[in-house]
Engineer: 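Sharing a structure, written as structure tokens. Questions coming.
All figures in this text were calculated on a predicted structure; none of them were measured in a lab.
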Amino acid sequence: MNSYHLKAILKRQVQIVELQKGKTGQELDESVQIEIDILNEKFSGWLKEDIISNVDNFSRD
């Protein structure tokens with residue numbers, strides 16, 4: 001439940017930023033989706049790094 005709430009907040013924040021840039025309609029939707037995709041890629045990369053780090057630490061023990 002928390003995850004959905006946080007995603008909704010993040011999406012709204014990105015929409016507000018894009019609206020401040022003067023974007024409307026379809027242009028806004030596309031910009032928001034691009035920003036969300038970029039953030040998802042970053043989060044996935046960070047998660048992979050964390051998992052690899054954890055596995056390395058466990059294997060050393």
Engineer: Rounded to the nearest 0.5 Å, what's the gap from CG on L19 to CZ on R12? Could you check?
Structural biologist: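 Rounded to the nearest 0.5 Å, the CG-CZ separation comes out at 6.5 Å.
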Engineer: At what distance, to the nearest 0.5 angstrom, does CG of D56 lie from CD1 of I51?
Structural biologist: 12.0 Å
Engineer: Once you round to the nearest 0.5 Å, how far does CD1 of I34 lie from CG of L39?
Structural biologist: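 Going from the CD1 atom of I34 to the CG atom of L39 covers 12.0 Å.
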Engineer: How would you list all residue pairs meeting salt bridge (charged side-chain N to carboxylate O under 4.0 Å, His left out) that involve residues 38-54, not counting sequence neighbours?
Structural biologist: none
Engineer: Measure the CD1-CG distance between I52 and L47 for me, rounded to the nearest 0.5 Å.
Structural biologist: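 It comes to 10.0 Å.
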Engineer: Do Q33 and D37 have side-chain N/O donor and acceptor atoms under 3.5 Å apart?
Structural biologist: yes
Engineer: Return each pair, listed once, that meets salt bridge (charged side-chain N to carboxylate O under 4.0 Å, His left out) where at least one residue sits in residues 16-27; pairs must be two or more places apart or across chains.
Structural biologist: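 Of all non-adjacent pairs touching residues 16-27, those that pass salt bridge (charged side-chain N to carboxylate O under 4.0 Å, His left out) are E18-K21, E18-K23.
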Engineer: Are I38 and L28 linked, directly or through intermediate hydrophobic residues, by side-chain heavy-atom contacts shorter than 4.5 Å (ILVMFWY only)?
Structural biologist: no
Engineer: Of all heavy-atom pairs between K11 and I36, which one has the smallest distance, and what is that distance?
Structural biologist: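 Closest heavy-atom pair between K11 and I36: CA-CD1, 4.0 Å.
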Engineer: Under 4.5 Å between side-chain heavy atoms, counting indirect links through other Ile/Leu/Val/Met/Phe/Trp/Tyr residues: same cluster for F43 and V32 or not?
Structural biologist: yes
